[in-house]
Every structure is written in structure tokens, then in C-alpha cells.
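Below you'll find the structure I mean.
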Amino acid sequence: RAFLSLCRGDRLEKEKMEMKNRPTENADEELLCELTRTAEMGVEAMCAVVPKAENRELRGQLKRQEDAYRRLSVKTENLIQEKELPLKHRSPLQKAMIRGGINMNTMMDRSTSHLAELTLNGVTMGIISVTKSLHSLPHADGRARRLAEDFLSEEQKAVERLKPFL
């Protein structure tokens with residue numbers, strides 16, 4: 001009986017691996033959608049955080065981060081159009097929720113350290129979501145994967161640039 005249960009467990013694990021390695025029709029679309037979502041959230045967040053930064057150096061880093069999100073957005077949209085995929089944007093309500101959350105979070109504390117921490121938390125969330133997408137979509141197109149990998153590399157550098165402000 002224990003042997004049968006072990007075999008079933010092995011079979012389920014094997015099926016999971018096969019599902020993960022099976023090409024999906026919309027792997028490119030899913031990966032590009034995640035990159036678009038991450039870029040839009042990043043732009044919204046930076047637009048809300050940058051004006052609150054009084055430290056010149058931090059403000060410069062935040063603007064640099066905003067520019068990186070804008071570049072990602074343009075590159076992602078270009079690839080989506082080239083592949084003739086549907087372009088999905090965040091709703092105005094989602095954007096308002098991002099800004100509202102940042103405004104609430106900075107109401108009592110606008111210190112350089114706190115703004116850096118908020119930004120690092122957001123950058124880390126983006127790293128996690130894009131990494132998960134890359135791992136769950138191994139058959140995504142090479143250009144979409146490269147775009148995601150380049151983005152992750154830049155985000156890791158951003159983390160290092162923001163740490164000194166904590």
C-alpha cells in the first residue's frame with residue numbers, strides 16, 4: 001500500500017514536470033503581459049514616490065528607475081505589436097490603488113530611508129513576479145525571454161544602488 005502511494009506520488013510529480021516542459025501557445029503573450037504589468041506598476045509607483053524624495057541623490061536614483069520602467073514598457077509594447085498580440089493595460093482603478101497605497105505609506109514618514117525601502121520592496125516584487133514567469137514559461141520566445149532577463153539584471157543593479165539609502 002505504501003508502495004502504491006509512493007508510485008502515485010512519483011507519477012504526479014512526473015505529470016507536473018511534463019506540464020511545465022510542455023510548450024504553451026501563449027507563453028510569449030503571458031511573459032510579455034507580466035513585463036507590461038510590471039513596467040506599468042513601476043512607472044506609477046515612481047511617479048508617486050519621486051516628488052516625495054527630498055534627498056537629491058535618492059531622487060536621481062528614483063528617476064533612473066522610472067526611466068528603466070518606461071524603457072521596458074516601450075520595448076515590451078513594440079514586441080507585443082510585432083507579434084500581433086493583444087496589449088493589456090492596467091485599469092485606472094489599479095493605478096489609483098498604487099498611488100493611494102504609496103500616499104498612505106508616506107503620510108507619516110517621507111524619510112530617505114523609508115522611500116528607499118518602499119522602492120526596494122516594489123523592485124523586489126517585480127523581480128519575483130518576472131522570475132516566476134520565466135520559470136513557468138520555459139518555451140517563451142527568445143526575444144521575450146531576453147527582454148525579461150535584461151530587465152531582471154537591471155533590477156538587481158537597482159537594488160544595489162538603492163541599498164545605501166536605507
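Nothing fancy with the numbering, it's 1 onward along the sequence.
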### Query
Is there a side-chain contact between K83 and L32 (heavy atoms, below 4.5 Å)?
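SC-SC contact between K83 and L32 confirmed.
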### Task
Would you mind checking if E29 and K88 are paired as a salt bridge, meaning a charged N to carboxylate O distance below 4.0 Å?
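Salt bridge between K88 and E29, a charged N being under 4.0 Å from a carboxylate O: yes.
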### Stepwise side chain to side chain contact (heavy atoms under 4.5 Å, CB included) check, R99 with K95
CA-CA 6 Å; R99 285 180 181 254; K95 292 177 180 183; 5.9 Å; no
### Query
Mind checking whether R70 and V74 have side chains closer than 4.5 Å, heavy atoms only?
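When only atoms from C-beta onward are counted, V74 and R70 do not touch, as no gap falls below 4.5 Å.
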### Query
So how far is it from T36 OG1 to L85 CG, rounded to the nearest 0.5 Å?
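Answer for the OG1-CG pair, T36 versus L85, is 10.0 Å.
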### Task
Measure the CD-CZ distance between E66 and R71 for me, rounded to the nearest 0.5 Å.
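CZ of R71 is found 11.0 Å from CD of E66.
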### Query
Does the side chain of K52 come within less than 4.5 Å of I102's, by heavy atoms?
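Touching, per the 4.5 Å side-chain cut-off.
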### Query
Hey, what do you get for CG (L115) to CG (L120), rounding to the nearest 0.5 Å?
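L115 CG to L120 CG: 11.0 Å, rounded to 0.5 Å.
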### Query
Is the closest side-chain heavy-atom distance between L79 and D28 below 4.5 Å?
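No, every pair of side-chain atoms sits at 4.5 Å or beyond.
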### Message
Just to verify, what does A39 make a side-chain contact (heavy atoms from CB on, under 4.5 Å) with, not counting sequence neighbours?
### Response
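Scan of A39 (side-chain contact (heavy atoms from CB on, under 4.5 Å), adjacent residues dropped) gives L72, S73.
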#### Entry: Check: E34 and S129 side chains under 4.5 Å, non-hydrogen atoms
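Yes, at least one pair of side-chain atoms sits under 4.5 Å.
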### Query
Would you call D141 and R145 a side-chain contact if the rule is heavy atoms closer than 4.5 Å?
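No, too far: nothing below the 4.5 Å cut-off.
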### Any side-chain heavy-atom pair of L93 and M97 under 4.5 Å
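Side chain of L93 against side chain of M97, heavy atoms only: contact under 4.5 Å found.
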### Message
Checking E77 against H89 for the side chain to side chain contact (heavy atoms under 4.5 Å, CB included) test, could you report, in this order, the C-alpha distance in whole Å, the side-chain angles of both residues, the deciding distance, and whether it holds?
### Response
CA-CA 10 Å; E77 285 185 26; H89 289 287; 3.5 Å; yes
### Query
Are the side chain of S153 and the backbone N or O of E149 linked by a donor-acceptor pair below 3.5 Å?
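No, the answer is negative, given that no donor and acceptor are paired below the 3.5 Å cut-off.
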### Query
What is the distance from atom CD1 of I127 to atom CG of L152, rounded to the nearest 0.5 Å?
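CG of L152 is found 6.5 Å from CD1 of I127.
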### Query
Say you draw a straight line from CG of N26 to CG of L31; how long is it, rounded to the nearest 0.5 Å?
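N26 atom CG to L31 atom CG measures 11.0 Å (nearest 0.5 Å).
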Distance-only donor-acceptor pairs under 3.5 Å for side chains of residues 159-166, two or more places apart:
unit_1	atom_1	unit_2	atom_2	d
E160	OE2	K163	NZ	2.9
R161	NE	Q61	OE1	3.0

### Message
So Y69 and E155, do their side chains get closer than 4.5 Å, heavy atoms only?
### Response
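In short, these two side chains touch, coming nearer than 4.5 Å.
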### Query
Passes side chain to side chain contact (heavy atoms under 4.5 Å, CB included), S91 versus Q94? Steps please.
CA-CA 5 Å; S91 74; Q94 290 170 320; 3.3 Å; yes
### Heavy-atom closest pair, residues A53 and L62
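A53 and L62 have their closest heavy atoms at CB-CD1, 3.8 Å.
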#### Entry: Closest non-hydrogen atom pair, A148 against L134
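For A148 and L134, the tightest heavy-atom pair comes out as CB-CD2, 3.8 Å.
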### Query
Can we say R110 and E54 salt-bridge, meaning some charged N sits less than 4.0 Å from an Asp/Glu carboxylate O?
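No, this pair does not count.
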### Task
Using modelled atom types only, decide if a donor and an acceptor are shared between the side chain of H114 and the backbone of M108 within a distance under 3.5 Å.
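Not a single qualifying donor-acceptor pair exists.
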#### Entry: Gap between atom CG of N78 and atom CZ of R143 - 0.5 Å precision
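With rounding to 0.5 Å, CZ (R143) is 11.0 Å from CG (N78).
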### Message
Using a strict threshold of under 4.0 Å (side-chain N to carboxylate O), is an ion pair present between K157 and E154?
### Response
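Salt bridge present between E154 and K157.
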